[in-house]
Amino acid sequence: MLIIKDFSLRHTIESGQPLAFYSDYTRQHGKEELRYVTQKGIIWFRLSGERADYTFEGEYTKSSAGEEIRRRFSIDEDIMHIYKSISTDEFMAKAIKEFHGLRITCNDPWETALCFVVSQFNNIKRIRGIMRNLINEFGPVYDGIHLFPGPEQIADSSTARIRACGTGFRDRYIKRLAEEFSSGFDAKRLYRMKYDDAKAKLMALDGIGDKVADCILLFGYNKLEAFPIDVWVKRVMEKAYFNGRKTSMRQIHDFSAERWGKYRGYAQQYIFWYGREKRMI
DNA sequence: ACCCAGGCGGGCG
DNA sequence: CGCCCGCATGGG
């Protein structure tokens, strides 16, 4: 059993992070459960207050599954220090207070890249459906359950089979991404690279632009200085920080770096989720 | 019917 | 640089 302080599974999952795109989350009578698959197996994660427990299947052991969970939810991160350091104005302080315990998840780079290539010009509900289709179509079966597919499993398929999962025009991006991640692109190397250099490497891939690259760095590499700007973040920030004026991406990037520094990825996730939940637009 | 969705690539001035 | 366009698909 684990004790996790300052953690809201609900805000973490519902704020549209990669895990939410392909897992089952339930909450009733104060008990929460998340079932998710990885390339190695299946994890059942249960939470009641601050008490967490888990079961697993696949290649995991009790200890490696525990490690998976610790890493995925950044359990060892000093979250209160991060909250304090980005609570630099009333809007952010209020968002953090109301949605206490929202954490940036730390996911696998390939999983994250696939999720956010699917996400472009799309909505969260459909992203979920497409991710589930991809898992059911390409994920290897373990004990009757499809695991998360590895890049090589998609790289070998036709674009038609990818498109049949509902991806639309993103089929060729997905195919090329899978090819890159299964050979050629050294995904592990980006862990050790500085933010700017890693971002340039990602943006060199077909179908990955400014926003998706930042998502992969934030949710896949835990580079907390990444600040993904999507339509929601842009509009909420224009309203809350720029007097309703149209503001360029460049200006918003600069503003976020200056205001929230190296933890601005957290600020971004609060802006995104708080803005949507409070129907600010 | 119309509009939009956690954008990107390509072409243009 | 900035701006504009097309892009698959499904839900409101």
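Letters go in sequence order (proteins before strands), and every chain restarts at 1.
Applying the side chain to side chain contact (heavy atoms under 4.5 Å, CB included) test to Asp156(A) and every residue at least two apart in sequence or in another chain returns nothing. Applying the side chain to side chain contact (heavy atoms under 4.5 Å, CB included) criterion to His11(A), with sequence neighbours excluded, gives Ser8(A), Phe99(A), Leu102(A), Trp273(A). By the side chain to side chain contact (heavy atoms under 4.5 Å, CB included) test, Tyr142(A) pairs with Ile42(A), Glu57(A), Leu147(A), sequence neighbours left out.
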* Structure fact -> Parsed dot-bracket for DNA chain B after applying the Watson-Crick and G-U rules with both distances under 3.5 Å and | for other-strand partners is .||||.|||||||
* Treat primed atoms plus P, OP1 and OP2 as sugar-phosphate and everything else as base, then score nucleotides 6-13 of chain B 5' to 3': B for base contact with protein heavy atoms under 4.0 Å, S for sugar-phosphate contact only, - for none. => BBSS----
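In terms of modelled atom types and a separation under 3.5 Å, the side chain of Thr38(A) and the main chain of Gly41(A) share a donor-acceptor contact.
The nearest whole Å value for the distance from the CZ atom in Arg250(A) to the P atom in dC3(C) is 14 Å. Distance Arg279(A) CZ to dG12(C) P: 13 Å, rounded to the nearest Å.
Nucleic acid contact class of Arg170(A) (heavy atoms, under 4.0 Å, all strands): base. Within the 4.0 angstrom heavy-atom criterion, only backbone atoms of the sugar-phosphate kind lie near Arg235(A); the bases stay farther away.
The salt bridge (Lys or Arg N to Asp or Glu O under 4.0 Å) analysis of residues 33-45 of chain A, with sequence neighbours excluded, yields the pairs Asp24(A)-Arg35(A). Every pair passing ring pair (Phe, Tyr, Trp, His ring centres under 6.0 Å) that includes a residue from residues 41-66 of chain A is listed here, sequence neighbours excluded: Phe45(A)-Phe73(A).
Ring geometry for Phe185(A) against Phe181(A) counts as tilted: the plane angle lies between 30° and 60°, on a 0 to 90° scale.
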Quick one: which protein N/O atoms are closer than 3.5 Å to N/O atoms of nucleotides 1-3 of chain B? Pair and distance per line, please.
none

Indicate every side-chain donor-acceptor pair of residues 112-121 of chain A with a distance under 3.5 Å to a residue at least two apart or in another chain.
residue: Thr112(A); atom: OG1; partner: Asp108(A); partner atom: O; Å: 2.7
residue: Ser119(A); atom: OG; partner: Phe116(A); partner atom: O; Å: 2.8

Donor-acceptor pairs under 3.5 Å, side chain of residues 202-212 of chain A to any protein atom, not counting sequence neighbours: which ones?
residue: Asp210(A); atom: OD1; partner: Lys199(A); partner atom: NZ; Å: 2.9
residue: Asp210(A); atom: OD2; partner: His253(A); partner atom: NE2; Å: 3.1

May I have the list of side-chain donor-acceptor pairs in residues 224-231 of chain A shorter than 3.5 Å, sequence neighbours left out?
residue: Asp230(A); atom: OD1; partner: Trp232(A); partner atom: N; Å: 3.4
residue: Asp230(A); atom: OD1; partner: Val233(A); partner atom: N; Å: 2.8

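Side-chain contacts under 4.5 Å among hydrophobic residues (ILVMFWY), followed directly or transitively, place Ile3(A) together with Met1(A).
Comparing the P positions of dC3(B) and dC5(C) gives a spacing of 14 Å, expressed to the nearest Å. When the P atom is compared between dG12(C) and dG6(B), the two are found 13 Å apart, to the nearest whole Å.
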